[in-house]
Protein chains: 2
Amino acid sequence: MPRNKESNQKVKDERKEQILSVALMLFATKGLAATRITDISAKTDISQGLIYHYFSSKEEIFVSLIRSAMNKMNEAARNLERLPIPAKEKIILAATELLKGIVKNESTSQYYFLITQAALSDAIPLEAKEIIKSQNDVKYEIITRIFQEGQKDGVVKDHDAREMTTFFFTTINGLALNKAIYGKKFKMPDKNIFLNMFLK
Amino acid sequence: MPRNKESNQKVKDERKEQILSVALMLFATKGLAATRITDISAKTDISQGLIYHYFSSKEEIFVSLIRSAMNKMNEAARNLERLPIPAKEKIILAATELLKGIVKNESTSQYYFLITQAALSDAIPLEAKEIIKSQNDVKYEIITRIFQEGQKDGVVKDHDAREMTTFFFTTINGLALNKAIYGKKFKMPDKNIFLNMFLK
DNA sequence: TTTTGCATTGAATAAATGTTCAACCAATAA
DNA sequence: TTATTGGTTGAACATTTATTCAATGCAAAA
């Protein structure tokens, strides 16, 4: 008999994790098409063959990353909405955490680029585009609701809530891409400038 | 003797223009690596061979597009600075024109994506990266100066001018990408929300 | 120690794609 | 009409790269 089930599963999970983590970095810095399986193989020290033991194709790796990116973002948005604090606090918290995430956690900016790439590019698996299409609105709707709540409280500006949401996410997205471009050189600007768009 | 010089030059310019225009669209929607010479060939109805008569490689086409994108943007920024109007008006004008450009002229959003791609990706000709490195700051510095002038006039908020500039361009960039993703479905939000970040 | 099941390897395969090049054609001057 | 120049073609070539697969290694059970 070979290794026991759990131990095998552990190895499998670790390998998958390694592959996904390196692939995220590569897809974000080179793009899907320009990332070679050999690149992933070299950076993970996992043979090409083994990568195909865990994922059926390069595209499946990409789709898997998109799926987890969307899940993480939506999960965070849902948690935010549930918090027992006023709308204004939620908005400040969201801005603070998102900007912090961009500065600290490299994978945050990388996820943003991955999603931008997937949404934008024709050369991306259909499945990835569908995941985004069906899930992207979730966080938009949540933030829009929070803005509307804040307007009732009289603390959020009286612009169209959905339009403010567009600015909210496009700006965050723009910052994340800027961070991805400039790396450590990027200096995050003061979040209060950003909050001026929304808060009275 | 063949066609005369001018007539030939005209044909050449037209062909180059065709190639560049189609390549811009393809690079912006698929990325450099995923765009095939055959794609450009098919969409322009120009044979593959002829493309190599005008450009020495796929990458040269890309570099050429990056160069003209940077030139256009910097030129616009320089013209803005020269206008004989108060700083506040310049800021409003810049925002108005940039947003209008994103909504109307498809190539504007496409240029933004091209530059983001080039700045971000490792799989991009070095020359393109160097053009961006050396030229990207130009427009940042111009807008920063205009913000500072506006602060002297007492019409621009007292945040760090350079940080406001970061928000200015990251937001524009984010909007342009959003437009590129959603195309005609994209609804441009009210520019006054945006201007709240900067104007008193 | 031997067997077994599964992870793992990397060379082989097949397909795709950037680039080249010899031949072709079209317009004009002679 | 003919010769010439230079735009134009597309098949051929060389290279790259995703994917497969037969063989190997290894940990645990018998």
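To find a chain, count down the sequence lines: A is the first, B the second, and so on, and within it residues start at 1.
Taking atom CD1 of residue A:I51 and atom P of nucleotide D:dA18, one finds them 10 Å apart after rounding to whole Å. Across the protein-nucleic acid pair, B:E14 atom CD and D:dT8 atom C1' stand 15 Å apart, rounded to whole Å. To the nearest angstrom, P of D:dT9 lies 8 Å from CD1 of B:I46. D:dA18 atom C1' lies 12 Å from atom CZ of A:F27, rounded to whole Å. Look at CG on A:D45: it is 12 Å from P on C:dT8, rounded to the nearest Å. Regarding A:I61, its CD1 atom lies at a distance of 10 Å from the P atom of D:dA18, rounded to whole Å. For the pair A:E60 CD and D:dA18 C1', the computed distance is 14 Å after rounding to whole Å. Look at CD on A:E59: it is 16 Å from P on D:dT17, rounded to the nearest Å.
Considering only side-chain atoms of B:V11, the nucleotide from C:dA7, D:dT19, D:dT8 that sits closest is D:dT8. Candidate nucleotides C:dT19, C:dT8, C:dT9 were compared by shortest atom distance to the side chain of A:Y54, and C:dT8 ranks first. For A:Y52, the side-chain atoms get nearest to D:dT20 when compared with the rest of C:dT9, D:dT20, D:dG10. Taking only side-chain atoms of A:H53, from C-beta outward, the nucleotide of D:dT8, C:dT8, C:dT9 with the closest atom is C:dT8.
Under the ring pair (Phe, Tyr, Trp, His ring centres under 6.0 Å) criterion, B:F186 pairs with no residue, sequence neighbours left out. Residues satisfying the ring pair (Phe, Tyr, Trp, His ring centres under 6.0 Å) criterion with B:F62, sequence neighbours excluded, are B:F27.
Residue B:L50 is the one, among A:G49 and B:L50, whose nearest nucleotide of DNA chain D lies closer to the 5' end (criterion: closest heavy atom).
Sequence neighbours left out, the pairs with a member in residues 12-27 of chain B that pass side chain to side chain donor-acceptor pair (under 3.5 Å) are B:Q9-B:D13. The salt bridge (Lys or Arg N to Asp or Glu O under 4.0 Å) pairs that include a residue from residues 45-72 of chain B are B:R67-B:E127, where partners are two or more places apart or lie in different chains.
Electrostatic pairing of A:R162 and A:D137 counts as a salt bridge here, judged by a charged N lying under 4.0 Å from a carboxylate O.
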Tabulate protein N/O versus nucleotide N/O from nucleotides 15-17 of chain C, keeping only pairs under 3.5 Å, one per line.
| unit_1 | atom_1 | unit_2 | atom_2 | d |
| --- | --- | --- | --- | --- |
| C:dT17 | OP1 | B:R36 | NE | 2.4 |
| C:dT17 | OP1 | B:R36 | NH2 | 2.9 |

Compile the donor-acceptor pairs under 3.5 Å between side chains in residues 193-200 of chain A and protein atoms, sequence neighbours left out, one pair per line.
| unit_1 | atom_1 | unit_2 | atom_2 | d |
| --- | --- | --- | --- | --- |
| A:N196 | ND2 | A:N192 | O | 3.4 |
| A:N196 | ND2 | B:H159 | NE2 | 3.0 |

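No donor-acceptor contact under 3.5 angstrom links the side chains of B:N136 and B:K133, judged on distance only.
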